[in-house]
Trainee: 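One structure follows; several queries about it will come next.
Below, each value reflects all heavy atoms present in this structure, side chains not excepted, and no hydrogens, waters or symmetry copies. Below, chains carry the letters A, B, ... as their sequence lines are ordered, and counting in each starts from 1.
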Number of protein chains: 2
Amino acid sequence: MNAKKVSLKDIALKAGVSTALVSYVLNGKEKETRVGQAIAQKIKEIARELNYQPNHLAKSLRSGKTHTIGLILADISNPFFANIARVVEDEAKKSGYTVIIGSSDEKADKAWDLLNVLITRQVDGFIIVSSEHSEPHIHYLKERNIPFVLLDRHFPDLQTDFVATNNYKASYDAGVHLAKGGYERIGIIAYKTDMYHMRERIRGYKQALQDHKFTFKNNWLKEVQFENIETEVKIAIDEMTSSKDPVDAIIFATYGLAINGLKYINELMLKVPSDLGIVSFGQAEVFDLYYCPITYLKQPLELLGMTAVEFLLKKLKNPEEGVKQILMEATLIARDSSMLKPT
Amino acid sequence: MNAKKVSLKDIALKAGVSTALVSYVLNGKEKETRVGQAIAQKIKEIARELNYQPNHLAKSLRSGKTHTIGLILADISNPFFANIARVVEDEAKKSGYTVIIGSSDEKADKAWDLLNVLITRQVDGFIIVSSEHSEPHIHYLKERNIPFVLLDRHFPDLQTDFVATNNYKASYDAGVHLAKGGYERIGIIAYKTDMYHMRERIRGYKQALQDHKFTFKNNWLKEVQFENIETEVKIAIDEMTSSKDPVDAIIFATYGLAINGLKYINELMLKVPSDLGIVSFGQAEVFDLYYCPITYLKQPLELLGMTAVEFLLKKLKNPEEGVKQILMEATLIARDSSMLKPT
DNA sequence: TTTTTTTGTTTAAACGATTAAAACTTACTT
DNA sequence: AAGTAAGTTTTAATCGTTTAAACAAAAAAA
């Protein structure tokens with residue numbers, strides 16, 4: 001950054017007026033502050049001529065607003081979140097906001113670090129895809145009165161703005177869909193976590209079983225740890241398929257679980273959908289790539305991202321506004337992997 | 001942000017000294033500026049007690065440095081770049097830098113917008129994964145003396161810092177590998193672009209053919225447009241497989257091409273690796289998921305990202321330092337998809 | 001004509017930090 | 001006792017903007 005930047009002062013000097021006038025004119029306050037027509041015109045011209053770019057730092061220092069929002073993702077290597085990031089970025093830019101993205105990699109302490117870095121960077125607010133054990137972060141934000149919106153995952157016991165998917169319903173739909181497809185011993189592989197979105201996915205699944213008079217077997221629900229996903233998914237599938245009540249279909253509660261699970265199902269030479277029906281959460285072109293295209297639950301990605309931005313910007317404009325919460329419906333995209341008996 | 005922030009002045013007031021002293025002490029300049037032992041201690045204590053967090057905006061305004069770097073990606077929905085982003089972010093943070101990520105979606109004008117937004121945000125420098133037609137951006141940056149490092153893609157005619165993969169070699173390896181696997185009519189599907197990394201991939205492929213005394217047929221090279229990837233890949237595969245010189249193996253020059261191509265190969269009921277051998281650029285767990293695991297070229301993702309940060313930070317520290325360029329080698333990860341005759 | 005109002009413009013403080021230079025204390029030399 | 005040096009702290013300018021308040025000149029009202 002060589003060519004020393006043009007400042008208000010430079011313009012003022014050249015126009016032979018004070019910086020105040022320049023500031024007024026360049027901020028469209030000519031009317032309220034009754035700046036002379038001729039001068040106003042001249043200032044604008046000189047500004048253009050000098051290619052003036054306001055200094056955001058100075059502006060922010062003065063105003064206390066940075067027009068920057070922090071986006072904390074649970075895992076940016078997950079294509080779902082990567083795409084969310086893109087949507088949020090685009091949407092924020094429309095309103096003149098810049099987004100700083102951080103990935104917590106599902107670790108609460110990394111999320112905490114990020115939060116603090118971004119707070120000292122004075123972002124105006126946050127959009128957060130929470131990781132486990134981050135309730136304290138939420139409390140902290142509320143306490144310090146920092147505006148934020150939770151995205152995709154939320155805490156039902158905490159009064160916060162959020163935008164999320166109706167996971168219960170989505171999972172229920174998956175169960176019903178498999179049942180209709182002719183499967184009767186449906187299992188689910190989820191993450192071992194207390195996070196609400198995951199509990200809801202399990203609850204929806206169980207409800208679907210119940211509504212079809214299938215008695216849930218403990219063995220049909222497997223919860224694996226994010227850190228050991230590869231080995232634990234294998235064990236889970238082994239146990240699910242080899243017990244005395246083997247499953248004939250599996251719901252994968254996330255994209256990552258599905259990738260690992262399908263990989264292993266291939267190794268086992270199990271045939272989808274005949275040996276095993278499959279439905280997975282999370283969309284990805286990848287599911288089309290499987291020899292038997294995978295039925296999946298498509299979350300309204302764009303809408304989620306855009307709404308989160310909308311909520312946050314509203315809150316920034318008017319911090320007193322009420323709590324905004326919304327649950328959006330996922331769509332089940334039926335493919336071959338969930339059809340035992342072709343209809 | 002309620003509880004009005006603690007500033008140097010607050011500390012100074014409480015300690016009964018001037019802000020200058022506080023600044024000196026808190027910046028570890030007590031020695032050079034010979035601040036009294038007792039006072040220094042007191043200041044530090046009060047700072048801790050008040051939980052003082054320096055105001056980055058003010059610091060930056062004064063120093064002209066924001067300790068922020070802009071990362072412009074060609075496409076954040078590509079897992080390769082998403083992971084690069086993560087690496088860059090982590091690495092930068094180690095040195096106290098914050099990263100602002102933007103995705104140009106392979107569009108030069110979006111990249112230009114991003115560039116300007118980030119320049120007005122006064123990032124200290126850029127790491128850029130260029131999209132096509134963005135040479136002018138490079139010139140602009142050089143002209144304005146804004147430090148930057150190109151990542152993954154570079155322009156051989158432009159004197160710039162860059163960190164990239166040796167695409168020629170990688171592609172050459174892919175060709176040789178397929179030839180060794182028993183394939184003799186090897187094709188490649190690439191993007192239609194003048195970008196050097198893509199030209200190199202094609203060049204390496206051709207060289208491999210030549211070294212095996214296979215005569216390259218025009219029909220074996222297909223270039224598709226990023227915007228129409230889905231339909232054009234289909235056409236490409238149709239043409240490659242149905243002509244009078246049908247290919248028996250395909251190299252996909254990118255991850256996205258592979259995803260789309262494999263999807264279509266499935267539809268066509270072509271069997272990998274017997275009907276068609278496959279090698280693809282870009283790593284992804286997804287390649288394991290295919291019924292026949294896909295051989296791929298693994299780029300040194302972490303190293304690329306870390307080196308880019310290293311180069312940039314060095315340049316920030318000492319702008320006069322010479323041009324840094326490095327090409328890193330990809331590793332071919334051999335799987336079943338490229339073995340015609342099992343060895 | 002004097003007073004008031006309107007219109008147009010400047011002044012100066014503020015945001016929160018950094019830092020060169022000035023100023024003030026002691027203590028030490030001669 | 002006066003001068004100098006060394007040690008310690010303050011002053012004040014600066015980064016680029018915003019904006020309340022003060023000011024001046026012209027126009028309107030008295």
Trainee: Suppose the criterion is salt bridge (Lys or Arg N to Asp or Glu O under 4.0 Å): which pairs have a residue in residues 18-35 of chain A, not counting sequence neighbours?
Mentor: A:Glu30-A:Lys44

Trainee: Under 4.0 angstrom, heavy atoms only, what part of the nucleic acid is B:Ser23 near: base, sugar-phosphate, or nothing?
Mentor: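 Answer is base: heavy atoms of B:Ser23 come under 4.0 Å of a base.
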
Trainee: With the threshold set at under 4.0 Å for non-hydrogen atoms, list the residues of residues 46-55 of chain B touching DNA chain D in residue-number order.
Mentor: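 Under 4.0 Å from DNA chain D: no residue of residues 46-55 of chain B.
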
Trainee: What's the NZ-C1' distance between B:Lys65 and C:dA17, to the nearest Å?
Mentor: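 Rounded to the whole Å, the gap is 16 Å.
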
Trainee: Nearest-Å distance, NE2 (B:His56) to C1' (C:dA17)?
Mentor: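 Checked: the NE2 to C1' distance equals 12 Å.
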
Trainee: Take the protein atom CG of B:Asn27 and the nucleotide atom P of C:dT19, then report the distance between them rounded to whole Å.
Mentor: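 One finds 7 Å between P of C:dT19 and CG of B:Asn27, rounded.
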
Trainee: Not counting sequence neighbours, which residues clear side-chain contact (heavy atoms from CB on, under 4.5 Å) with A:Asp157? List them please.
Mentor: none

Trainee: Determine whether any donor atom in the side chain of A:Tyr24 lies under 3.5 Å from an acceptor atom in the base of D:dA20, or the reverse, and answer yes or no.
Mentor: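 Indeed, a donor on one side and an acceptor on the other fall under 3.5 Å apart.
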
Trainee: Base, sugar-phosphate, or nothing: which does A:Ser18 touch, judged by heavy atoms less than 4.0 Å apart?
Mentor: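 Touches a base.
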
Trainee: With respect to the phosphate group of C:dT19, does any side-chain polar atom (N or O) of B:Lys29 fall under 4.0 Å of OP1 or OP2?
Mentor: yes

Trainee: Please tell me which of the listed nucleotides, D:dT19, D:dT10, C:dG8, lies nearest to the side chain of A:Arg34?
Mentor: C:dG8

Trainee: Tell me the interatomic distance from A:Lys9, atom NZ, to C:dA12, atom C1', rounded to whole angstroms.
Mentor: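 Distance check: A:Lys9 NZ to C:dA12 C1' gives 14 Å.
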
Trainee: Between B:Ala58 and B:Val35, which is nearer to the 5' end of DNA chain D once each is assigned its nearest nucleotide?
Mentor: B:Val35

Trainee: Do NZ/NE/NH1/NH2 and the carboxylate oxygens of A:Asp105 and A:Lys110 come within less than 4.0 Å?
Mentor: yes

Trainee: Taking atom NZ of A:Lys107 as the centre, does the number of heavy atoms from other residues, nucleotides or ligands within less than 6.0 Å exceed 12?
Mentor: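 No, because the 6.0 Å sphere around NZ of A:Lys107 holds 12 heavy atoms or fewer from other groups.
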
Trainee: If you look at every strand shown and take non-hydrogen atoms under 4.0 Å, does B:Thr33 touch a base, only sugar-phosphate, or nothing?
Mentor: base

Trainee: Look at the side chain of B:Asp10 and the backbone N and O of B:Ser7, then say whether any donor-acceptor pair between them is shorter than 3.5 Å.
Mentor: yes

Trainee: Tell me which one of A:Ile128, A:Val323, A:Leu151, A:Leu327 satisfies side-chain contact (heavy atoms from CB on, under 4.5 Å) with A:Phe162.
Mentor: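 So the option named by the test is A:Leu327.
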
Trainee: Send over the distance from A:Glu30 CD to C:dT9 P, rounded to a whole Å.
Mentor: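 The distance from CD of A:Glu30 to P of C:dT9 comes to 12 Å, rounded to the nearest Å.
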
Trainee: Quickly work out the B:Ile39 CD1 to D:dT10 C1' distance and round it to whole Å.
Mentor: 12 Å

Trainee: Classify the nucleic acid contact of A:Leu57 as base, sugar-phosphate or nothing, counting any heavy atom under 4.0 Å across all strands shown.
Mentor: nothing

Trainee: Can you figure out which of C:dA17, D:dT17, C:dG16 approaches the side chain of A:Leu61 most closely?
Mentor: C:dG16

Trainee: I'd like to know if the side chain of A:Arg153 and the backbone of A:Ser130 have a donor-acceptor N/O pair within less than 3.5 Å.
Mentor: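 Checking the backbone N and O of A:Ser130 against the side chain of A:Arg153, a donor-acceptor pair under 3.5 Å is found.
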
Trainee: Can you tell me the distance, in whole Å, between the CG atom of B:Leu21 and the C1' atom of C:dA21?
Mentor: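 Computing the B:Leu21:CG to C:dA21:C1' distance gives 15 Å.
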
Trainee: Round to the nearest Å and state the distance from B:Leu26 atom CG to C:dG16 atom C1'.
Mentor: 13 Å

